[in-house]
Amino acid sequence: EAQVTQNPRYLITVTGKKLTVTCSQNMNHEYMSWYRQDPGLGLRQIYYSMNVEVTDKGDVPEGYKVSRKEKRNFPLILESPSPNQTSLYFCASSLKDRTDTQYFGPGTRLTVL
Amino acid sequence: AQSVTQPDIHITVSEGASLELRCNYSYGATPYLFWYVQSPGQGLQLLLKYFSGDTLVQGIKGFEAEFKRSQSSFNLRKPSVHWSDAAEYFCAVGGVMNSGYSTLTFGKGTMLLVSP
């Protein structure tokens, strides 16, 4: 089954404790991205990747890192999480770029205390 | 800069009634237009998209949308709403620049509530 998986689905952590949210897709898509969703603000892109070893900042990249060492995986790293990073995070992938159909993961609910 | 406006934050519709969700966009050229749906606890799923051609687009789950260039709108419609349609709906606009760089901007969403 074609899908995007994220782990963990729920995470409660404390300020400053490094964490990684994993994302994996099995559709051989070149384009992958991370979004955060906040009430009243909709979806905002954090980082994206056009292909292996090619990543770039989205609209709200501060406090986040990403890497794309393999085509299928695109982890999101929070080196020193802060409470303003409490949010719902989505990973998405598409065939080539943003204008292709985006396939979204189920989301990761992160709370930073 | 491109932008998307979904004027209604919440809409309540009776089951069996018709539905129209509004979307207005700002974009300098011919846009790519999308509607995504997010069911509770789920990620977003594409309902339909418009790139070119027929301005009335059919999607999944009985939804359709009409691109009206003169009004910069891409409203989503369904003739008869089912309780399972209760979800949040996102309109998005995007495009591909001459450089090959692509863009995509989501609206803030409209929450659809379905009453019995």
Side-chain angles (χ1 to χ4, degrees), chain A residues 1-10 21 23-25 27 29-51 54-60 74 76 87-109, chain B residues 1-10 21 23-25 27-52 57 59-60 65 74 87-111:
Chain A
E1 179 192 354
Q3 60 182 349
V4 178
T5 57
Q6 293 178 231
N7 282 293
R9 293 290 311 277
Y10 302 90
V21 184
C23 172
S24 183
Q25 51 93 4
M27 295 169 278
H29 284 169
E30 291 186 2
Y31 184 87
M32 297 185 74
S33 61
W34 278 101
Y35 293 89
R36 60 178 290 174
Q37 184 179 26
D38 302 289
L41 297 178
L43 281 159
R44 295 178 293 168
Q45 192 178 55
I46 302 170
Y47 267 95
Y48 66 93
S49 169
M50 299 292 290
N51 214 324
V54 181
T55 63
D56 207 348
K57 297 176 181 178
D59 300 317
V60 287
F74 191 46
L76 179 69
S87 188
L88 180 58
Y89 291 87
F90 288 101
C91 180
S93 73
S94 65
L95 191 61
K96 289 284 186 185
D97 63 29
R98 292 177 178 84
T99 59
D100 293 316
T101 299
Q102 301 288 309
Y103 293 83
F104 285 82
T108 295
R109 172 79 61 186
Chain B
Q2 64 194 50
S3 65
V4 180
T5 302
Q6 294 181 246
D8 304 302
I9 299 174
H10 297 101
L21 300 182
C23 173
N24 293 97
Y25 69 89
Y27 190 76
T30 300
Y32 290 63
L33 293 160
F34 308 83
W35 275 101
Y36 284 85
V37 60
Q38 183 181 24
S39 299
Q42 310 270 333
L44 280 72
Q45 179 187 22
L46 182 72
L47 280 177
L48 49 79
K49 58 186 176 184
Y50 170 80
F51 291 156
S52 64
V57 181
I60 63 171
F74 189 57
E88 191 159 20
Y89 292 79
F90 292 90
C91 182
V93 64
V96 182
M97 299 180 180
N98 291 336
S99 63
Y101 180 78
S102 66
T103 64
L104 183 67
T105 300
F106 285 89
K108 291 186 167 59
T110 297
M111 183 67 73

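Lettering of chains follows the sequences in order, A, B, ..., and the numbering in each one begins at 1.
Looking at A/R9, only its side chain comes within 4.5 Å of chain B, counting heavy atoms on both sides. Interface remark: B/Q38 contributes side-chain atoms only to the contact with chain A (heavy atom separation under 4.5 Å). When heavy atoms are compared at a cutoff of 4.5 Å, A/Y35 approaches chain B solely by way of its side chain, counted from C-beta outward. Neither the backbone nor the side chain of A/D56 comes within less than 4.5 Å of any heavy atom in chain B. Contacts of A/Y48 with chain B are made by side-chain atoms alone, with heavy-atom separations under 4.5 Å and no backbone atom involved.
When all heavy atoms of B/S102 and A/D97 are compared, the pair lying nearest together is OG-CB, 3.3 Å. Here the shortest heavy-atom pairing between B/L104 and B/A92 reads CD1-CB, 3.9 Å. Across all their heavy atoms, B/P7 and B/N24 have their closest contact at CG-OD1, 4.3 Å.
No donor-acceptor distance shorter than 3.5 angstrom exists from the side chain of A/W34 to the backbone of A/G58, with no hydrogens or angles considered.
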### Task
Evaluate side chain to side chain contact (heavy atoms under 4.5 Å, CB included) for B/K108 paired with B/I9, printing each intermediate quantity in order.
CA-CA 8 Å; B/K108 291 186 167 59; B/I9 299 174; over 6 Å; no
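In this structure, the side-chain contact (heavy atoms from CB on, under 4.5 Å) partners of A/D38, at least two apart in sequence or on a different chain, are A/R36, A/L41, A/R44, A/S87.
Taking A/K96, A/Q6, A/Q102 one by one and counting their heavy-atom pairs under 4.5 Å with chain B, the maximum is reached by A/Q102. Each of B/G109, B/G43, B/G41, B/G95 has some count of heavy-atom pairs under 4.5 Å with chain A, and the biggest count is that of B/G43.
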